[in-house]
Amino acid sequence: MHWADRIAKALLRRSKRHVIASGISISGHIHIGHSNDVFIADAIRRSIEELGGKARVLWYADDFDPMRRVPWPLPKEYEKYLGVPYAEIPSPDPEYENFVDFFSRPFIEALDDFGVQVDVCFSSEIYRSGKLANLTRVALERADEIKEILNRYRSEPLRDDWLPYDAICERCNRLATTRSYDWDGNFVKYRCEGAPYVKGCGYEGEADYTKGEGKLTWRVEWPARWKLLGVTCEPFGKDHATAGGSYDTGKVISRQIFDYPPPYPVPYEWVSFRGKPMSSSKGTVFTLQQWLEVAEPELLRYFIFRSKAMKAKDFDPGSQLLDLYDEYDNLEAIYFGAVEVSDNRKSQLQRIYEISQVRKVPERKPQKVPFRLAAVLSQVARCEEHAVEILKSKGILIDPSEEELRCTIERLRRARCWVEKYAPERFKLKLIGKLPDGIRRELTEKQKLGLRRLASDLSTREFSPVDLHNHVYEVARELKTGPAKLFEAIYMVLLGRKSGPRIGNFISALDKGFVIKRFEEASI
């Protein structure tokens, strides 16, 4: 059973209706690492509904948090907004309403492309609407009890006049710099004293918590939000799941202060990018839009759900993307019975395939061009129509449907974008024109004999890319020369270098007459 299904079954033992929350602080570009939250939530929703329950997914944008550093790619001038709530910071682009809209809208709009159904909430709107006012009052009234709970997990106790509320300074509009020390009625008294990364202005004032003039501190806000929204399950990063972390304190506060059962926790590992932690503020990101440029949405779902939630994941859009495509296409072949695996393993893989789908599972195995071949075709075919004709002539596409043709064109376009933006040099192709005499002289007699044999076989037989790749090995063995030497000869006479893409894909993508003529010319 997939872990998302196990969680769904556990939730259904508690109730038939669920609210699954997800969300992040809008601190910069929202990347695929942030997708864990909402993708996992949506997968659990799907499973609950498949099992007969009801569920909805919330994506909560923490846009009332203060900006702690200027995120890439904003200019240095934005330092004047350090400590200001994200919702109060202007957009660098006039097409967007503000900072939050600039960074969140592209992510929210892309979710549908990945099959994610979600209701969006903004923290700033929740506070300004007064929806959290009653729970804020409860937190202020019971501040001493909350302080005692938090102090259990702290090496240094909170100050005596601590309050679980951060006010927005009326003068400088900063939230990070204020210290709340007393309250009365609807108002919290504060001083703007400063934060480690920005100075305070020294102002003393009062904030009306019923009008969104501040917010609860994070460790108190999270459990208050659970009660407000009726959250029953929530995925969150492993940092919140550490011993004494915000989930540990949150579940105690939720029960003792807000009289609400804490939601079912689903901690997950982070996604790194080329071996480094993803960071919105530093610009180490790969967004949903960037993903769609080079890969189908199903591949990201597969990337997330092929392993356990708490298994670390690393993404590199270079050669790793080729492996991901290969894995997913093989998974699809297993699902439809084109590749045999053990019954137990097949059941597991079939479920991963189902969860990876954006919409419904296809009725039959779709015809697809392997991405490695698409990467070659996108560089050597005259146009997309020519590439499709090559695929038809090689038997890779046989009487394709309109949907299969559309998907083929999309994969060719994504492959072209991948080559231009992320492909390692060995995958970039530029055929040499006239064959230099120096290359011909460099070839050994066995290499020339191998090229002559391949030219003859290509002129009399049709090969699929896989068959052709294997045939090169067979020719090399028959001639008692290492396959690597024959591969080198092929790359040298076509590309002028000793390495290149997978041989079968490469030669299959080229005009056969050109390849035969070049091999014959080189073998003289």
Side-chain angles (χ1 to χ4, degrees), residues 32 273-274 286 289-300 302-303 314-333 366-397 400 404-432 458 463-472 484 487-488 490-512 514-515 518:
I32 61 172
F273 184 68
R274 292 172 173 163
F286 198 81
Q289 290 74 22
Q290 288 175 297
W291 186 280
L292 290 173
E293 287 179 344
V294 296
E296 284 115 38
E298 290 83 2
L299 260 72
L300 180 54
Y302 169 66
F303 176 73
D314 181 67
F315 179 69
D316 183 344
S319 57
Q320 184 197 2
L321 188 63
L322 296 179
D323 296 334
L324 196 63
Y325 264 106
D326 289 346
E327 285 182 27
Y328 179 79
D329 288 351
N330 187 61
L331 178 72
E332 191 164 64
Q367 296 184 83
K368 289 182 178 177
V369 51
F371 192 77
R372 292 175 188 269
L373 176 55
V376 176
L377 277 172
S378 68
Q379 297 179 77
V380 301
R382 294 189 300 272
C383 58
E384 292 166 354
E385 291 73 17
H386 181 219
V388 170
E389 288 306 314
I390 293 173
L391 293 169
K392 289 180 178 178
S393 69
K394 300 295 181 183
I396 295 171
L397 290 180
E404 288 171 332
L405 282 174
R406 183 189 67 80
C407 290
T408 297
I409 296 297
E410 283 189 356
R411 188 168 277 202
L412 287 166
R413 290 173 180 171
R414 285 177 166 132
R416 181 64 187 174
C417 183
W418 175 78
V419 169
E420 292 173 351
K421 291 188 174 183
Y422 307 110
E425 283 302 314
R426 67 181 183 277
F427 292 101
K428 297 179 181 180
L429 310 177
K430 186 175 181 180
L431 299 175
I432 57 176
L458 286 169
F463 295 90
S464 71
V466 174
D467 290 340
L468 182 53
H469 186 87
N470 293 334
H471 186 65
V472 175
F487 284 0
E488 282 184 7
I490 294 171
Y491 293 132
M492 287 172 64
V493 302
L494 294 174
L495 297 173
R497 66 191 201 213
K498 293 185 177 182
S499 63
R502 193 173 179 87
I503 284 290
N505 290 334
F506 180 36
I507 298 177
S508 294
L510 301 176
D511 179 81
K512 186 164 73 169
F514 165 77
V515 174
R518 177 56 57 88

How many angstroms lie between [atom1] in [X] and [atom2] in [Y], if you round to the nearest 0.5 Å?
| X | Y | atom1 | atom2 | value |
| --- | --- | --- | --- | --- |
| Asp314 | Phe273 | CG | CZ | 9.0 Å |
| Phe506 | Leu468 | CZ | CG | 11.5 Å |
| Leu324 | Ser319 | CG | OG | 11.5 Å |
| Leu495 | Ile490 | CG | CD1 | 10.5 Å |
| Leu373 | Ile396 | CG | CD1 | 5.0 Å |
| Asp316 | Arg274 | CG | CZ | 5.0 Å |

Output yes when a side-chain donor or acceptor of [X] lies under 3.5 Å from a complementary backbone atom of [Y], and no otherwise.
| X | Y | result |
| --- | --- | --- |
| Arg518 | Val493 | yes |
| Glu296 | Cys407 | no |
| Gln379 | Ala375 | yes |
| Glu404 | Pro400 | no |
| Glu384 | Ile409 | no |
| Arg411 | Val369 | yes |
| Arg497 | Arg426 | yes |

How far apart are the closest heavy atoms of [X] and [Y], and which atoms are they?
| X | Y | answer |
| --- | --- | --- |
| Leu377 | Ala509 | CD2-CB, 3.6 Å |
| Ala387 | Leu412 | CB-CD1, 3.8 Å |
| Ser464 | Ser508 | C-OG, 4.3 Å |
| Arg414 | Ala295 | NE-O, 3.4 Å |

Exercise. Could you tell me how the ring of Phe286 sits relative to the ring of Trp291: parallel (under 30°), tilted (30 to 60°) or perpendicular (over 60°)?
Key: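 Because their plane-to-plane angle is over 60°, the rings of Phe286 and Trp291 count as perpendicular.
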
May I ask you to test the [X]-[Y] pair for a side-chain heavy-atom distance under 4.5 Å?
| X | Y | answer |
| --- | --- | --- |
| Tyr491 | Ile503 | yes |
| Val419 | Ser378 | yes |
| Glu332 | Lys368 | yes |
| Arg372 | Pro501 | no |

> Would you say the side-chain atoms of Tyr302 and Glu327 include a donor-acceptor pair closer than 3.5 Å?
Replying inline: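 Their side chains do contain a donor-acceptor pair, which is all the 3.5 Å distance test asks for.
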
(request) Using ring pair (Phe, Tyr, Trp, His ring centres under 6.0 Å) as the criterion, list what pairs up with Phe371, not counting sequence neighbours. (result)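 Applying ring pair (Phe, Tyr, Trp, His ring centres under 6.0 Å) to Phe371 gives Tyr325, Trp418.
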
Next on the checklist: Applying ring pair (Phe, Tyr, Trp, His ring centres under 6.0 Å), can you list everything that pairs with His471, at least two apart in sequence or on another chain?
Outcome noted: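 For His471 the ring pair (Phe, Tyr, Trp, His ring centres under 6.0 Å) partners, ignoring immediate neighbours, are Phe463.
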
Going through the distances and angles, do His469 and Phe487 end up as a ring-ring contact (aromatic ring centres under 6.0 Å, His included)? CA-CA 10 Å; His469 186 87; Phe487 284 0; 5.7 Å; yes

- Message: For Glu410, is there an ion pair with Arg413 - N to carboxylate O distance below 4.0 angstrom?
- Response: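 No, no charged N to carboxylate O under 4.0 Å.
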
Heavy-atom neighbours of Lys428 NZ exceed 12 at 6.0 Å:
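Yes, the 6.0 Å shell around NZ holds more than 12 heavy atoms from other groups.
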
